[in-house]
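Here is the structure we will look at, set down as structure tokens.
When reading the values below, keep in mind they use all heavy atoms of this one structure, side chains included, and skip hydrogens, waters and symmetry mates. Proteins get letters first, then strands, A, B, ... in listed order; numbering begins at 1 in each.
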Number of protein chains: 2
Amino acid sequence: MDAEKVRRAPSIRDVAKLAGVSHQTVSRVLNDSPSIKPATKQRVLDVMNEVGYRPNRAARALVTSRSNTIGILTAQTTAHYGPTTSVNAIQVAAREAGYMVSTTSISSLSPEGIIEGLEHLVEQSIEGLVVIAPQERVFDAIRSLSIRVPLVTLDALGTDAARSLSVDQIAGARMATRHLIELGHRDIVHVAGPRDWTEAEGRMRGFLDEMRSADLSLIPPVLGDWTAQFGYHAGKELAGFRDFTAVFAANDQMALGILHAFAEAGIRVPEEVSVVGFDDIPEAAHFWPPLTTVRQDFAELGRRAVALLLSELAGESDLDHAAVRPELIVRRSTAPPRGGRS
Amino acid sequence: MDAEKVRRAPSIRDVAKLAGVSHQTVSRVLNDSPSIKPATKQRVLDVMNEVGYRPNRAARALVTSRSNTIGILTAQTTAHYGPTTSVNAIQVAAREAGYMVSTTSISSLSPEGIIEGLEHLVEQSIEGLVVIAPQERVFDAIRSLSIRVPLVTLDALGTDAARSLSVDQIAGARMATRHLIELGHRDIVHVAGPRDWTEAEGRMRGFLDEMRSADLSLIPPVLGDWTAQFGYHAGKELAGFRDFTAVFAANDQMALGILHAFAEAGIRVPEEVSVVGFDDIPEAAHFWPPLTTVRQDFAELGRRAVALLLSELAGESDLDHAAVRPELIVRRSTAPPRGGRS
DNA sequence: GTTCGAAATGTGAACGTGCACATCGACGAT
DNA sequence: ATCGTCGATGTGCACGTTCACATTTCGAAC
């Protein structure tokens, strides 16, 4: 009513005065403390509503030394489907739990770039951190900064620096490989992801495990960079050799590039060569031919990351943290090999 | 040295004591005030380093009532390539300018969902807001909340509620359409985006403008939802009619679905029907056939959004805010029509 | 040596909230 | 009637920083 002063947001003291109570009572209403008379509570709430009171986060953070914020560190690769989906899920889950989310994407994968990004997050006194940049050097940076907040990593193999949460990459890769073997393929080539990505490592391991247990001889894998562009070049290269009947690409984008190269070279998929991808991006169902691939539930992963973080913040650090099982999606890019050896 | 107390982060007073100066002097070092003797400054910096001092953001925010944070509101559609790329660019640019970024993705496009997301951001007392959810109802929500911070919108047509920044959708759509017309197509069908997306609206408008100025008769456009899935169904439908020789899809994903449907129906692209997309996602170059499309520089858009926001925060609200020009990328999904009328 | 102004530094209060503790009143048991 | 207990509310301070203003220091000019 008598707001003759300049524009200053109303504080709990203003509300208190208008409601005829002490500021502490208002504070109690805010944190809904048990011992408060319903009538006073209502009166305070009414006043708040009337004057448009909004709690000041900074003041609260200062006194409680809790920021109510969790940080996300992502590689720029978030332009990829999976990480983005996870990030979205994290944001929604965090908001539901009353947390804010501060995201930082690191522009370069150099140690300086990584450290800069981490510093930026740490300075915000985040309470928890989710890392979606599963490269070893990122973990090195984390260790070197000795970050002391709960930390969850997505899509990585268990690294000691962090609690990691992931779709079981090895199992997924084994499914894909076994599918090809069961169709009768014996000469399978793997187009892998970059060496220092733990996801790439996991998929490679699964592939190798399955090949070994089927006692098949190995064609040296090709190391790629996840892009369709690379897949295309690798595919052109491979088209020259033809010492294989199936390709297992470490992600759908590279698979797409490979399909492109094969189409150009006149190699028919799946009649002459089968191709399998990984991730099941929404577009994969509409590649030509529609891609057989391994589906990962990225959103579920994001939600679990938040759950894990919150439980750790609450001190109950023994939540379910098993790997999420992937799922094989068979479409039309795989078929038995021509000469059907097996 | 004598940190016998519990773990409490050192404050400027602690630093001051150790350096033998007043807390205000330390504060001056922090904000590098001009009048401070280099020697004392160095001494203070040394102590800071030694005790691992980190400024407390909350305290600073409380007293200055500035949060140093900008908010991003995105639709879940951020799983799409464009928005994600822009978000990343915003994060990098904001960090360079010393700002934090708090992102909220709205889970549902219902009015409640939108308002909930906005409230969540406003409660963090953000200093500026970038909205990447160019639906009219989002702007309605913004208006209804009478948000009072600088606001920039991406990918939208000029809406009065906000300063908008965009790639010129109309020009892009005209380029795509003109390309088809110049090849000799006369019967072109447009598979559009959802009605209340301003981007979809812009592309539709550009298409209609160009068709009218070439004096061509119109096939009623199909209204889609941006997904490859929809494109596929629309493509199957269209395959039955064949009263067109070219399709202009409002984005690359839908174009992909259309290619899929046509491949299944045995319609050869581009020999029988030409297809054009929009966005130039990295995969578009590897569709089969490689897709002719309109490239947008999403990262540039993100950077400009931050620049615009910062200039507005600084009071100089007259920065360049012209539309970014898109670029036509001709690949192999377009060719002259069979009967070559023109 | 005195004076003066500018440079360098110090002092105290404020920002808005939560915490620890104090106070007040009512009600039941003795 | 007295005391203790418990529910409901109030009081004062602390959090770590910046701001406005006060004070000291220093060098140069007289």
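Only B:His23, B:Gln24, listed by number, bring a heavy atom of residues 19-26 of chain B to less than 4.0 angstrom from any atom of DNA chain D.
Here D:dT17 presents its C1' atom at 13 Å from CZ of B:Arg57, a figure rounded to the nearest Å. One interatomic measurement links the two molecules: CD1 of B:Ile12 to P of D:dC19, which rounds to 11 Å at whole-angstrom precision. Atom CZ of B:Arg54 is separated from atom P of D:dT17 by 13 Å (rounded to the nearest Å). Protein atom CD of A:Gln124 is 19 Å distant from nucleotide atom P of D:dG16, rounded to whole Å. Rounded to whole angstrom, the span from the NZ atom of A:Lys17 across to the C1' atom of D:dG10 amounts to 15 Å. Put simply, CG on B:Asp32 is 15 Å from C1' on D:dT18, counting in whole angstrom units. Note: CZ (B:Arg28) to P (D:dT17) measures 15 Å, nearest angstrom. Taking atom CD1 on B:Ile36 and atom P on D:dT24, their separation rounds to 19 Å, with Å as the unit.
Here B:Thr40 lies in heavy-atom contact (under 4.0 Å) with sugar-phosphate atoms only. Within 4.0 Å of A:Leu62, counting heavy atoms only, lies at least one base atom of the nucleic acid.
Ring centers of B:Phe298 and B:Tyr81: under 6.0 Å apart, within the cut-off.
Once you apply a 4.0 Å limit to the heavy atoms of chain B, the touched nucleotides of DNA chain C run 5' to 3' over C:dA8 to C:dG16.
Scanning all heavy atoms of the two residues, the minimum distance from B:Ala97 to B:Leu310 falls at CB-CD1, 3.4 Å.
Using a cutoff of 4.0 Å between basic side-chain nitrogens and carboxylate oxygens, A:Arg303 and A:Glu96 are not scored as salt-bridged. Using a cutoff of 4.0 Å between basic side-chain nitrogens and carboxylate oxygens, A:Asp140 and A:Arg143 are scored as salt-bridged.
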